[in-house]
Amino acid sequence: MESTFLHVANHGRPAEIARSTNLLSTKKTDFPLSLSLSLGFVCKVTNAMTAFATAAALSLPNSLFRSSKLNCKKGVRGGFGVFAVLGEEGGLLDKKSTWGPLFDVEDPRSKMPKFKGKFLDFYQALEVARYDIQYCDWRARQDLLTIMILHEKVVEVLNPLARDYKSIGTMKKELAELQDELAQAHRQVHISEARVATALDKLAYMEELVNDRLLQDRNQAEPDQESPSPSTSTQSLDTVKRKSPRKNLNVSGPVQPYHPRLKNFWYPVAFSTDLKDDTMVPIDCFEESWVLFRGKDGKPGCVRNTCAHRACPLHLGSVNDGRIQCPYHGWEYSTDGKCEKMPSTRLLDVKLKSLPCFEQEGMIWIWPGSDPPAASLPSLQPPPGFQVHAEIVMELPVEHGLLLDNLLDLAHAPFTHTSTFAKGWTVPSLVKFLTPASGLQGYWDPYPIDMEFRPPCMVLSTIGISKPGKLEGQSTRECTTHLHQLHVCLPSSRQKTRLLYRMSLDFAAVLKHIPFMHYLWRHFAEQVLNEDLRLVLGQQERMINGANVWNWPVSYDKLGVRYRLWRDAVERGAKQLPFEKST
């Protein structure tokens with residue numbers, strides 16, 4: 001076996017160690033099985049240390065980590081092997097001095113601020129979290145030092161020169177003891193890793209609270225609110241968590257009848273391309289049946305889908321000269337609901353209920369509420385430079401709020417959509433939705449996806465992609481090609497949603513001219529929805545039986561939580577809805 005060596009000093013990088021250990025694990029060697037297992041384990045632990053070093057860099061002062069660098073020198077002939085240190089018993093421990101700058105880090109527990117029994121403001125809480133991460137880093141360094149010393153002992157035992165002075169039985173015994181120590185060190189590394197993950201989660205949560213607080217302070221107009229009293233500005237982390245909306249959501253039990261206040265919005269109900277001059281589009285909205293058709297002037301109308309004569313569904317009839325004709329006795333109604341023709345009898349003054357109905361930007365809108373309609377309709381146009389490639393309508397057997405919860409959540413994609421658009425996605429260690437304190441829009445980290453909830457029931461998203469199913473970059477601004485999506489979740493009934501989906505691209509315009517391409521888009525959309533539906537239907541069944549589908553929200557649930565709080569405020573009749581700017 002060629003004689004090469006592995007030397008660890010304080011001038012390298014964790015990434016280099018990771019590359020070196022990967023080479024070591026794949027290169028053919030003549031090492032005994034037990035040594036290979038030991039070295040393979042050390043490789044894994046070294047890779048884990050890379051993550052610890054990265055986490056530590058988030059908050060450690062330079063004095064604690066500027067010397068914490070590793071170096072993997074190349075061995076002779078470009079290979080890897082083992083160099084053992086022979087000598088007295090203390091010679092092995094002297095090896096620690098080589099790694100001293102990396103591992104001689106002071107235990108931070110002695111410097112940790114004493115806040116026990118005190119109320120903490122946001123910055124004190126962040127300071128505590130920073131010391132938590134420093135301690136996790138120190139603990140991880142001690143664990144790694146133990147493993148490296150044990151590795152040197154293994155090398156000493158198996159070194160060809162040392163074998164001449166020890167019996168096989170002695171080597172087996174020493175190896176067994178070292179394997180036990182390595183297993184214990186392995187368990188300790190996992191504990192340290194869990195501590196680091198917990199500390200990072202705590203730091204991310206407090207960072208979110210601080211950012212929201214800073215944005216709120218910046219937007220306050222009154223001077224006295226810019227300098228709050230200590231009694232209002234200093235509060236413990238436990239108090240902040242108790243005030244967080246994450247524990248105030250209760251969405252459980254059978255779906256209650258929709259509150260009338262939720263109807264006082266403009267709702268898009270159909271695409272203009274689906275409503276021809278001689279066609280009708282039946283819809284359900286808030287437990288009521290309606291039918292859309294165009295009048296003599298080509299403008300759309302929406303009337304109750306029930307004939308005033310004998311309650312026959314009007315959509316089973318036809319459209320004649322801008323009037324919808326009942327298939328039972330031929331009564332005809334205009335877009336305002338007035339009956340203008342009664343064959344075989346005297347014309348009576350009969351009128352169906354109709355809804356305000358307008359057409360804008362390729363969509364048909366209705367106002368189902370009792371309040372006067374708002375003067376303007378929201379714009380759902382894709383951003384400039386995009387072309388619409390698909391418009392799809394589906395009827396889904398789920399309550400529209402549950403469907404919105406699903407669409408406003410991207411963290412589930414690597415686990416749910418493994419056969420469609422998220423196939424091959426890695427699972428990030430931390431997923432966050434970043435948004436201002438008073439907004440219903442933001443962007444996902446680490447995904448290049450912008451997302452917005454547009455009241456009352458729309459979700460808009462822009463996704464940076466390099467090719468179908470593959471993300472590109474860390475933000476949409478870094479991406480050269482994008483996909484824009486619009487989801488409209490119309491509340492048809494308490495367990496039924498009419499979904500309008502529009503997909504737009506800022507590239508590949510030629511796809512619009514390929515025959516039957518819309519069938520392919522529809523097939524793909526149905527595949528994605530079917531992956532979600534099997535889960536959302538299960539949620540709905542358990543919710544009806546009393547389970548709370550928002551039992552324990554976490555940081556990446558922010559946009560879904562804000563939608564629920566907005567909806568609760570609407571139903572309570574709040575004068576100022578949350579997360580919306582004052583007008």
Side-chain angles (χ1 to χ4, degrees), residues 257-258 260 262-343 345 347-371 373 377 380 391-397 400 456-458 488-502:
Y258 288 108
L262 201 58
K263 300 180 181 181
N264 291 318
F265 293 91
W266 283 109
Y267 284 86
V269 293
F271 293 111
S272 297
T273 53
D274 294 332
L275 190 62
K276 310 298 183 184
D277 289 339
D278 58 348
T279 60
M280 298 164 289
V281 176
I283 63 168
D284 290 333
C285 183
F286 291 107
E287 311 279 355
E288 294 183 298
S289 296
W290 306 90
V291 60
L292 306 171
F293 65 101
R294 294 188 183 274
K296 293 180 181 181
D297 56 1
K299 294 181 180 179
C302 179
V303 301
R304 190 182 295 278
N305 191 15
T306 304
C307 182
H309 180 211
R310 301 279 292 276
C312 179
L314 292 176
H315 77 276
L316 299 178
S318 60
V319 177
N320 298 326
D321 196 21
R323 295 191 296 266
I324 188 169
Q325 184 185 70
C326 177
Y328 207 174
H329 296 91
W331 290 23
E332 296 183 5
Y333 303 88
S334 60
T335 54
D336 63 356
K338 183 175 178 59
C339 184
E340 296 184 345
K341 190 174 182 179
M342 294 181 183
T345 187
L347 183 63
L348 303 176
D349 185 15
V350 176
K351 188 174 183 179
L352 295 176
K353 181 179 179 181
S354 63
L355 297 178
C357 183
F358 286 93
E359 185 172 18
Q360 175 180 286
E361 298 175 347
M363 304 193 79
I364 311 297
W365 299 70
I366 64 171
W367 181 278
S370 57
D371 287 357
L377 280 69
L380 299 181
E391 291 180 337
I392 301 169
V393 180
M394 300 181 187
E395 302 289 343
L396 304 177
H400 90 289
C457 63
M458 289 82 80
V488 178
C489 301
L490 180 68
S492 299
S493 67
R494 281 177 280 180
Q495 294 187 29
K496 183 181 176 183
T497 299
R498 178 178 173 86
L499 175 66
L500 278 65
Y501 172 74
R502 183 163 66 191

Rounded distance [0.5 Å steps], [atom1] in [X] versus [atom2] in [Y]:
X      : Y      : atom1 : atom2 : value
Trp290 : Lys353 : CH2   : NZ    : 4.5 Å
Lys299 : Glu359 : NZ    : CD    : 10.5 Å
Leu316 : Asn305 : CG    : CG    : 7.5 Å
Met458 : Leu490 : CE    : CG    : 10.5 Å
Leu352 : Cys302 : CG    : SG    : 11.0 Å

Are [X] and [Y] close enough that some pair of their side-chain heavy atoms sits under 4.5 Å apart?
X      : Y      : value
Leu500 : Met363 : yes
Met394 : Tyr501 : no
Phe293 : Val303 : yes
Asp297 : Thr335 : no
Ser272 : Ile364 : yes

Exercise. Using the test ring-ring contact (aromatic ring centres under 6.0 Å, His included), find all partners of Trp331 that sit at least two apart in sequence or belong to another chain.
Key: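 For Trp331, the residues satisfying ring-ring contact (aromatic ring centres under 6.0 Å, His included) (neighbours in sequence not counted) are His309.
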What pair of heavy atoms forms the shortest contact from [X] to [Y], and how long is it?
X      : Y      : answer
Cys326 : Cys312 : SG-CB, 3.9 Å
Cys307 : Tyr333 : SG-OH, 3.2 Å
Pro373 : Pro356 : CG-CG, 3.8 Å
Pro313 : Pro327 : O-CD, 3.9 Å
Thr497 : Ser492 : C-OG, 3.8 Å

Quiz prompt | Residue pairs passing the salt bridge (charged side-chain N to carboxylate O under 4.0 Å, His left out) test where at least one lies in residues 488-500, sequence neighbours excluded | solution =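 Counting only pairs at least two positions apart or across chains, the salt bridge (charged side-chain N to carboxylate O under 4.0 Å, His left out) contacts touching residues 488-500 are Asp284-Lys496, Glu287-Arg494, Glu395-Arg498.
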Quiz item: Among pairs that include at least one residue of residues 330-342, which meet salt bridge (charged side-chain N to carboxylate O under 4.0 Å, His left out), considering only residues two or more places apart or in two chains?
Solution: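 Pairs touching residues 330-342 that pass the test: Arg323-Glu332, Arg323-Glu340, Lys338-Asp349.
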Practice problem: Go through the structure and list residues passing side-chain contact (heavy atoms from CB on, under 4.5 Å) with Pro397, not counting sequence neighbours. | Solution: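 Checked Pro397 against side-chain contact (heavy atoms from CB on, under 4.5 Å); matches are Leu537.
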Practice problem: For the pair Arg502 and Glu361, find out whether any cationic side-chain nitrogen is under 4.0 Å from an anionic carboxylate oxygen. | Solution: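 So Arg502 does not pair with Glu361 through a salt bridge.
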Please tabulate, for the side chains in residues 263-271, all donor-acceptor contacts under 3.5 angstrom to protein atoms that are two or more places apart in sequence or on a different chain.
from: Asn264; atom 1: OD1; to: Ser370; atom 2: N; distance (Å): 3.1
from: Asn264; atom 1: OD1; to: Asp371; atom 2: N; distance (Å): 3.0
from: Asn264; atom 1: ND2; to: Asp371; atom 2: OD2; distance (Å): 3.1
from: Trp266; atom 1: NE1; to: Ala374; atom 2: O; distance (Å): 3.0
from: Tyr267; atom 1: OH; to: Leu262; atom 2: O; distance (Å): 2.5

Exercise. Could you please spell out the steps behind the side-chain contact (heavy atoms from CB on, under 4.5 Å) verdict for Met342 and Leu348?
Key: CA-CA 8 Å; Met342 294 181 183; Leu348 303 176; 3.8 Å; yes
Quiz item: Would a distance-only check, ignoring hydrogens and angles, find a side-chain to backbone donor-acceptor pair under 3.5 Å from Tyr328 to Leu314?
Solution: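 Not a single qualifying donor-acceptor pair exists.
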List, one per line, each side-chain donor-acceptor pair under 3.5 Å for residues 274-281, sequence neighbours excluded.
from: Lys276; atom 1: NZ; to: Thr273; atom 2: O; distance (Å): 3.1
from: Thr279; atom 1: OG1; to: Lys276; atom 2: N; distance (Å): 2.7
from: Thr279; atom 1: OG1; to: Lys276; atom 2: O; distance (Å): 3.2

